[in-house]
2 protein chains.
Amino acid sequence: MKYCSISEASAKFNIPESTLRYYEKKGLLPLIERDEAGRRLFSEDQIALLETVICLKNTHMPISGIKQYIDLVVEGDNTIELRLEMMKNHRQAVLAEISLMTESLKGIDVKITRYTNVPRKEK
Amino acid sequence: MKYCSISEASAKFNIPESTLRYYEKKGLLPLIERDEAGRRLFSEDQIALLETVICLKNTHMPISGIKQYIDLVVEGDNTIELRLEMMKNHRQAVLAEISLMTESLKGIDVKITRYTNVPRKEK
DNA sequence: TGTTGACTTAAACCATGGTTTAAGTCGTAT
DNA sequence: ATACGACTTAAACCATGGTTTAAGTCAACA
């Protein structure tokens, strides 16, 4: 296995090192190994987990929710049902949010149209 | 013109009264009239403006940005170009965010598929 | 050997977006 | 008259999601 340092992980995902440390402290990145000097070593599994964390973060799952999910992952295969439920629920929430944004975007487009077609002295 | 009270506005958009007061204080709802007793009166124009505020909020424009926009609206017709620019920029930001969410949703769907097809004792 | 750069920690700090509280003022129904 | 519900204010409070700071350790290079 290849390991990477915090600076490499930071560069890879374009996330500040401070944020990665914060995530670890919050339990989003458990089981991170250290070298003899106490420096974090991200295994490939950790990187994959980080990718999942980022995916959940991008879809606006709160940190507490991500932690719940990660805790289930760590707990092992007998939590797969629960994880499935979580992901299904989250999926619905994400779809709802995308719908709301898409709907609200229409209001913005109306303004763009209106402001574009303002033909001199007309409201 | 019809006017409505804060409780009516609150009910209409399903937004707490405290939030409406907060928005007014932040400059998102300027020029709100009062009755003799000092109570807010939302005119139809104010309600329309509030609808815009909500639309921008739903698409994650920060309060500072919404205030900028509202300030331009209040300033009058000579700011239409600027408003158009703002809305165009915001539109791009919203599209980018929707893209990111949609893309990240794929990662979630992969998990759902994986967890759904876990056929007994297989990783 | 010493100084530089990458890392560590805990704790303090910050911005954002509200929500809650406390104290008070009205208008109206009893 | 009074008591109730709807409203007002300013200020305090809160959660979320980080970021920054201060002080220290370590490896490697000059």
Side-chain angles (χ1 to χ4, degrees), chain A residues 3-43 46-47 50 52-70 90 93-94 97 100-101 104, chain B residues 3-43 46-47 50 52-70 90 93-94 97 100-101 104:
Chain A
Y3 286 90
C4 70
S5 67
I6 195 170
S7 59
E8 288 166 335
S10 164
K12 181 159 190 157
F13 296 105
N14 201 24
I15 286 184
E17 298 180 12
S18 63
T19 302
L20 294 176
R21 293 191 190 102
Y22 170 73
Y23 284 174
E24 188 195 17
K25 186 157 48 172
K26 286 296 189 171
L28 272 42
L29 303 172
L31 317 173
I32 300 240
E33 299 175 56
R34 306 300 170 112
D35 68 8
E36 322 74 39
R39 284 168 291 192
R40 287 167 184 81
L41 291 175
F42 290 76
S43 70
Q46 292 299 327
I47 293 293
L50 176 51
T52 299
V53 167
I54 290 168
C55 179
L56 296 175
K57 184 187 79 135
N58 284 343
T59 50
H60 305 161
M61 182 179 281
I63 298 237
S64 57
I66 302 179
K67 173 162 169 45
Q68 261 181 62
Y69 174 76
I70 295 294
H90 184 51
V94 175
E97 198 182 340
L100 179 59
M101 292 188 76
S104 301
Chain B
Y3 286 90
C4 71
S5 67
I6 195 170
S7 60
E8 288 166 336
S10 164
K12 181 159 188 156
F13 296 107
N14 202 24
I15 286 184
E17 298 182 11
S18 64
T19 302
L20 294 176
R21 295 192 188 102
Y22 170 73
Y23 285 175
E24 189 195 18
K25 185 157 49 172
K26 285 297 192 173
L28 271 42
L29 303 172
L31 317 172
I32 301 241
E33 300 175 56
R34 307 299 169 111
D35 68 9
E36 322 73 42
R39 284 169 291 193
R40 288 168 183 81
L41 291 176
F42 290 76
S43 70
Q46 292 298 326
I47 292 294
L50 175 52
T52 300
V53 167
I54 290 169
C55 179
L56 296 175
K57 186 188 78 132
N58 284 343
T59 51
H60 305 161
M61 182 179 280
I63 298 238
S64 57
I66 302 179
K67 174 164 168 43
Q68 261 182 61
Y69 174 76
I70 296 294
H90 183 52
V94 175
E97 197 181 340
L100 179 59
M101 292 186 77
S104 300

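As the structure is a prediction and not an experimental result, all values here were calculated from the model. Chain naming here is simple, since letters A, B, ... match the order of the sequence lines and numbering starts at 1 in each.
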Could you give the distance from CG (B:Asn58) to CD1 (B:Ile54), rounded to the nearest 0.5 Å?
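B:Asn58 atom CG to B:Ile54 atom CD1 measures 7.0 Å (nearest 0.5 Å).
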Can you tell me how far apart NE2 (B:His90) and CG (B:Leu56) are? Round to the nearest 0.5 Å.
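Rounded to the nearest 0.5 Å, the NE2-CG separation comes out at 5.5 Å.
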Nearest non-hydrogen partners of [X] and [Y], listed with the distance:
{"X": "B:Met61", "Y": "B:Ile66", "result": "SD-N, 3.5 Å"}
{"X": "B:Glu24", "Y": "B:Leu29", "result": "CG-O, 3.4 Å"}
{"X": "A:Ile63", "Y": "A:Lys26", "result": "CG2-CB, 4.1 Å"}
{"X": "B:Cys55", "Y": "A:Ser104", "result": "SG-O, 3.0 Å"}
{"X": "A:Glu8", "Y": "A:Cys4", "result": "OE1-CB, 2.9 Å"}
{"X": "B:Val94", "Y": "A:Met101", "result": "CG1-CE, 4.0 Å"}

Degree of bending in the helix from C:dT1-D:dA30 to C:dT30-D:dA1 once both end axes are built from five pairs, to 10°:
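The angle, to the nearest 10 degrees, is 20°.
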For atom CZ of A:Arg39 and atom C1' of D:dC26, their distance in whole Å:
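Atom CZ in A:Arg39 sits about 6 Å away from atom C1' in D:dC26.
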Side chains of residues 10-21 of chain B: which donor-acceptor pairs under 3.5 Å do they make with residues two or more places apart or in other chains?
{"unit_1": "B:Ser10", "atom_1": "OG", "unit_2": "B:Ile15", "atom_2": "O", "d": "2.7"}
{"unit_1": "B:Glu17", "atom_1": "OE1", "unit_2": "B:Arg21", "atom_2": "NH2", "d": "3.1"}

Go through DNA chain C in 5' to 3' direction and return only the first and the last nucleotide with some atom under 4.0 Å of chain B's heavy atoms.
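Here the contact window of chain B covers C:dG17 to C:dG27.
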Flag side-chain contact, heavy atom, 4.5 Å: [X] against [Y]:
{"X": "B:Tyr69", "Y": "B:Thr52", "value": "yes"}
{"X": "B:Ile6", "Y": "B:Arg39", "value": "no"}
{"X": "B:Glu33", "Y": "B:Arg40", "value": "no"}

With sequence neighbours left out, what residues match A:Tyr23 under side chain to side chain donor-acceptor pair (under 3.5 Å)?
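Result, side chain to side chain donor-acceptor pair (under 3.5 Å) vs A:Tyr23: none returned.
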If you take any heavy atom closer than 4.0 Å to DNA chain C, which residues from residues 52-66 of chain A end up in contact?
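Contacting residues: none.
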Under a 4.0 Å heavy-atom cut-off, which of residues 11-23 of chain B touch DNA chain C?
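Under 4.0 Å from DNA chain C: B:Pro16, B:Ser18, B:Thr19, B:Tyr22, B:Tyr23.
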Closest-nucleotide mapping onto DNA chain D: is B:Lys25 or B:Ile6 further toward the 5' terminus? I mean the 5' end.
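Here B:Ile6 is the residue nearer the 5' end.
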